[in-house]
Chemist: 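Structure in structure tokens, see below.
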Amino acid sequence: MHNKVDSLPVRSNPSTRPISRHHSASNIVHRVKESLTTRVSKLICAIFLSLLLCLGIITFILWISLRPHRPRVHIRGFSISGLSRPDGFETSHISFKITAHNPNQNVGIYYDSMEGSVYYKEKRIGSTKLTNPFYQDPKNTSSIDGALSRPAMAVNKDRWMEMERDRNQGKIMFRLKVRSMIRFKVYTWHSKSHKMYASCYIEIGWDGMLLSATKDKRCPVYFT
């Protein structure tokens, strides 16, 4: 009599089961599509950011080159006559010279009006019109002369004696204030009018001439 050996059930290993070729191909295609979509999205973003950066750089360069800069004003000469005479205030004469420089590369300046006023101890002693309206090209310098005498120059005996005392101490301090109405021109575009002021602080010596300490000095310029 033969002994029967009970056969044990054999359980198949799931990992050894054949993988569906259709399912595997679908996953590969899906991954390829996702990869291409990601790459295209990154490429589009990179192109957009590059264009945005280039546009920003171009805008900044144009802003720097076309942004109007205020004129530069320098005092070149100033003199007052008659200081050696006690009655010199009756015939005294002030003359001065300034330069206005346009520092802009592509921006012109219209000077619609210009007036100069002289102050002694912050009290105005006279004003005068300086120039007729004119246009100043970019990177150009204009020389402007001015003069004051009676009746435009109002100096009495007491004020004259004050000046003489300052002169005996070595120097007389004046301030020249230049007031202008200007407009900027960028190609065919014209700006609105601006009030421009320049304040030139001046030192006059014993001979009534401008001292070297303030000659060719740049005058502060501001707008209102």
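Starting from 1, each residue takes its place in the sequence as its number.
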Chemist: When clusters are formed by joining ILVMFWY residues with side-chain heavy atoms under 4.5 Å apart, either directly or through shared neighbours, do Leu52 and Leu43 land in the same one?
Modeler: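 No, Leu52 does not connect to Leu43 through the hydrophobic network.
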Chemist: Decide yes or no for Asp166 and Glu164: does some side-chain heavy atom of the first lie under 4.5 Å from some side-chain heavy atom of the second?
Modeler: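 A side-chain contact is absent here, since even the closest heavy-atom pair is not under 4.5 Å.
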Chemist: Please table the atom pairs, donor to acceptor, closer than 3.5 Å between any side-chain atom in residues 201-209 and protein atoms at least two apart or in another chain.
Modeler:
{"residue": "Glu203", "atom": "OE2", "partner": "Lys171", "partner atom": "NZ", "Å": "3.3"}
{"residue": "Asp207", "atom": "OD1", "partner": "Met209", "partner atom": "N", "Å": "3.1"}

Chemist: More than 12 heavy atoms of other residues, nucleotides or ligands under 6.0 Å from NZ of Lys157: yes or no?
Modeler: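 Count not over threshold, so no.
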Chemist: Drop me the distance from Ile47's CD1 to Lys42's NZ, to the nearest 0.5 angstrom.
Modeler: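 Result: 14.5 Å between the selected atoms.
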Chemist: With rounding to the nearest 0.5 Å, note down the distance linking CZ in Arg167 to CD1 in Ile172.
Modeler: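 Reported to 0.5 Å precision, the distance equals 7.0 Å.
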Chemist: Do Leu51 and Phe48 come close enough that some side-chain heavy atom pair is under 4.5 Å?
Modeler: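 Contact flag for Leu51/Phe48 side chains = no.
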Chemist: Cluster question for you: counting only ILVMFWY and a side-chain heavy-atom cut-off of under 4.5 Å, with indirect links fine, are Tyr135 and Trp189 together?
Modeler: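 In one cluster: no.
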Chemist: Considering only heavy atoms from C-beta outward, does the side chain of Asp112 approach that of Ile182 to under 4.5 Å?
Modeler: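 A side-chain contact is absent here, since even the closest heavy-atom pair is not under 4.5 Å.
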Chemist: Can you tell me if Glu162 uses its side chain to pair, donor with acceptor, with the backbone of Tyr120 under 3.5 Å?
Modeler: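 No; judged by distance alone, with no hydrogens or angles, the pair does not exist.
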Chemist: How many angstroms lie between atom OH of Tyr111 and atom OG1 of Thr131, to the nearest 0.5 angstrom?
Modeler: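 It is 9.0 Å, given to the nearest 0.5 Å.
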Chemist: Tell me yes or no: between the side chains of Ser95 and Ser79, is some donor less than 3.5 Å from an acceptor?
Modeler: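 Indeed, the side chains of Ser95 and Ser79 share at least one donor-acceptor pair under 3.5 Å.
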Chemist: Can you measure from CZ (Phe184) to OG (Ser193) and round to the nearest 0.5 angstrom?
Modeler: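 The distance works out to 11.0 Å.
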Chemist: Flag the pair Pro71 / His101 as yes when at least one side-chain heavy-atom distance between them is below 4.5 Å, and no otherwise.
Modeler: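 Pro71 does not reach His101 side chain to side chain.
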Chemist: I need the single residue from Val73, Val118, Ile94 that forms a side-chain contact (heavy atoms from CB on, under 4.5 Å) with Leu176. Which is it?
Modeler: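 Among Val73, Val118, Ile94, the one that satisfies the side-chain contact (heavy atoms from CB on, under 4.5 Å) with Leu176 is Val118.
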Chemist: Report the distance from atom NE2 of His74 to atom NZ of Lys215, rounding to the nearest 0.5 Å.
Modeler: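 Answer rounded to 0.5 Å: 13.5 Å.
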Chemist: Counting N and O atoms only, with roles assigned by atom type, does the side chain of Asp137 sit under 3.5 Å from a partner on the main chain of Asn140, one being a donor and the other an acceptor?
Modeler: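 Answer holds: no.
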Chemist: Could you tell me whether the side chains of Arg76 and Thr99 share a donor-acceptor contact shorter than 3.5 Å?
Modeler: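 Yes, side-chain donor-acceptor contact under 3.5 Å.
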Chemist: If you count the non-hydrogen atoms of other residues, nucleotides and ligands that lie under 6.0 Å from NZ in Lys139, is the total more than 12?
Modeler: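 Yes, because the 6.0 Å sphere around NZ of Lys139 holds more than 12 heavy atoms from other groups.
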Chemist: Side chains of Ser113 and Glu115: closer than 4.5 Å at any heavy-atom pair?
Modeler: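 Not in contact.
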Chemist: Find out whether Lys177 and Cys200 are in side-chain contact, i.e. whether some heavy atom of one side chain is under 4.5 Å from a heavy atom of the other.
Modeler: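 With C-beta onward as the side chain, the pair stays apart.
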Chemist: Compute the centroid of each ring, for Phe78 and then for Phe174, and state whether the two points are separated by less than 6.0 Å.
Modeler: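 Ring-ring flag for Phe78/Phe174: true, centres closer than 6.0 Å.
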Chemist: Report whether Met173 and Leu210 are members of the same hydrophobic cluster (ILVMFWY, side-chain heavy atoms less than 4.5 Å apart, transitive linking).
Modeler: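 Shared cluster, no.
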Chemist: Can you see whether Arg85 engages Thr91 through a side-chain donor-acceptor pair at a distance of less than 3.5 angstrom?
Modeler: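 Result is yes, a qualifying pair exists.
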Chemist: Report the distance from atom NE2 of His194 to atom OH of Tyr110, rounding to the nearest 0.5 Å.
Modeler: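 Answer rounded to 0.5 Å: 14.0 Å.
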Chemist: Is the shortest side-chain heavy-atom distance between Met196 and Met181 below 4.5 Å?
Modeler: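 Met196 vs Met181: side chains apart.
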Chemist: Quick one, Ile80 with Ser92, criterion side chain to side chain contact (heavy atoms under 4.5 Å, CB included). Give me CA distance, side-chain angles, the key distance, then yes/no.
Modeler: CA-CA 7 Å; Ile80 180 170; Ser92 182; 3.5 Å; yes
Chemist: Tell me yes or no: between the side chains of Asn104 and Asn102, is some donor less than 3.5 Å from an acceptor?
Modeler: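 Asn104 vs Asn102: donor-acceptor pair found between side chains.
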Chemist: According to a 4.5 Å side-chain heavy-atom criterion applied to Ile, Leu, Val, Met, Phe, Trp and Tyr, with indirect links allowed, do Phe96 and Met153 form part of one hydrophobic cluster?
Modeler: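 Result: yes, single cluster for both.
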Chemist: May I ask you to test the Leu130-Val178 pair for a side-chain heavy-atom distance under 4.5 Å?
Modeler: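 Yes - at least one pair of side-chain heavy atoms lies under 4.5 Å apart.
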Chemist: Decide whether Ser117 and Arg179 meet the rule of one side-chain donor and one side-chain acceptor closer than 3.5 Å.
Modeler: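 No, Arg179 and Ser117 have no side-chain donor paired with an acceptor closer than 3.5 Å.
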